[in-house]
Amino acid sequence: MHFSSPRTDRAAGVLLGQACGDALGVPYEFASRRFDPVTGPQMVGGGLGSYAPGEWSDDTQMAACIARVSATGQDLTTPAALDAVAKGFLRWLADGPADIGSQTSAVLHSTLRHAGDGRPHAVMTDAARRLHERSGRTAGNGALMRTAVVGLTRLADRDATARAARAVAALTHHDPLAGDSCVLWSEAVRRAVVDGVLDLRGGLDLLPAEHQGFWTETIDRAEQDDPSTFTGNGYTVTALQAAWASIHHTLPTSDPGPDHLRAALHTAIGIGHDTDTVAAIAGGLLGARYGVSALPLAWTRAVHGWPGLRARDLVHLALRTARQGPEAPQSWPSAVRMDTGSERPLAAPLASDPDVLLGTFADLSRTRELGVDAVVSLCRLGTEEFAPPGVAPADHAEVWLVDSDDPVGNQHLVWLLDEAARDVAQLRAEGRRVLLHCVAAHHRTPAVALRYLRTRGLDVDTAVAEITTALGREVDGGLLWKEAQR
Ligand SMILES: [Mg+2]
């Protein structure tokens, strides 16, 4: 599998898209709170688990259990990998999750009681089967809510993807409908990453022949009926319809992109009931389609959750899963430092807003002496370069902006330049002193600074002059600078 720049962006967006949907939906679970229809849902926390603002819930917590195994490159259909996922679920249970689905809870507790009867995944799968035989009702949405990452595990092999989706679903959900829904969604995620398309029907032929008619009708209904129809979304079939209807009915007629992602999640949460799960399901596929570069920075700065992860960790887990294992230790995202030490410090204040400093990599270690308490990084960072001195992780944005003159280098270039500028403005509105930097302040930093000054009402010529003065040189030009001047 060749990882072009857009494909890498899309793979990186799967888990983080899911996490953003989850954390955005948490406050509104089961009508615990309503949101303003104009501003849309906000990551204010609360919900069933009294979550902190930006904290994700069981959906992404369980997805992280899968991702920590898939990131090693293991085949999720093997006993060893399924054992590792099952053990992850049990560790998560032992940590006392604030919120856990009833079927998942019953299966995990039964697994604990029968520990020692065999390999963990076999005991768990058997517990799920027995629950199904007893109750006849195990098609809850708890397998679908965590399946997006499975779509990354074998990007070049749709059959292997389907087998993995079904095996991971069966750990806790024996009902074939739960497995079917996971096959369809994981395959849609795979297609979205590989081809940049939204196609839920693409996986129908991966289902047993006798189920294909049912699922064709199910998808048809999701596309015909209003999203608000799908309120009983604790059921895996309705949850899939709710998520797909939210995506399908908000699809713009031209230029689908970040605005579609946001509109679809607003719609998903507006349906009500299991809001975080429907938004987590939708968010995984939307992140796969549009990439990490389409996610609002206020969201990616805020999201966090068990087991002590933040946005960058989910991006790294997703990329390692897509590449089937960790990269060389000295290359991104494993590298401890990306700064080679060759750049000189700059930290040049803007004349019309001296609390925005334009900088290079060399300024990142000087945040405390510069009095900076927020950072917008426009380049890739090493593991030790995140959260520089005196800057909280939630006040440090990492922007997926590629320094390239190739028009396909960035999927949403103009939107992203503006989004980075909006984030600088947001941090300034909160009273922060912001370091805006890339590697050498040649292309990315001046381009975003120009968009930021435009938001403050400066015309292009005045803004360009201000940036030239701050940098002490003319900007080199290039695609980003040209687009920023539009
Ligand atoms: Mg949840």
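Atoms within each ligand, like the ligands themselves, are counted from 1 in listed order. All values below come from the heavy atoms of this structure, side chains included, with hydrogens, waters and symmetry mates left out.
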Engineer: State whether R130 and E133 are salt-bridged, where the test is any N-O pair (Lys NZ or Arg NE/NH1/NH2 against Asp/Glu carboxylate O) under 4.0 Å.
Structural biologist: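 Salt bridge absent between R130 and E133.
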
Engineer: Is the positively charged end of R262 above the ring of W299, judged by distance under 6.0 angstrom from the centroid and angle within 45° of the axis?
Structural biologist: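 The answer is yes, since R262 meets both limits relative to W299.
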
Engineer: How far does OG1 of T147 sit from CG of D59, to the nearest 0.5 angstrom?
Structural biologist: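 Result: 12.5 Å between the selected atoms.
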
Engineer: Going by ring-ring contact (aromatic ring centres under 6.0 Å, His included), name the pairs with one or both residues in residues 156-193, residues two or more places apart or in two chains.
Structural biologist: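 Non-adjacent pairs meeting ring-ring contact (aromatic ring centres under 6.0 Å, His included): H132-H174.
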
Engineer: Has R323 got its NZ or CZ under 6.0 Å from the middle of the six-membered ring of F3, at an angle within 45 degrees of the ring axis?
Structural biologist: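 Relative to the ring axis of F3, which defines the angle, R323 lies inside both limits.
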
Engineer: Taking 2.8 Å as the limit, list every protein N, O or S atom around the Mg ion (ligand 1), by chain and residue number.
Structural biologist: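 S57 OG, D58 OD1, D59 OD1, D276 OD2, with waters left out.
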
Engineer: Under 6.0 Å between the ring centres of H316 and W332?
Structural biologist: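 H316 vs W332: aromatic centres under 6.0 Å.
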
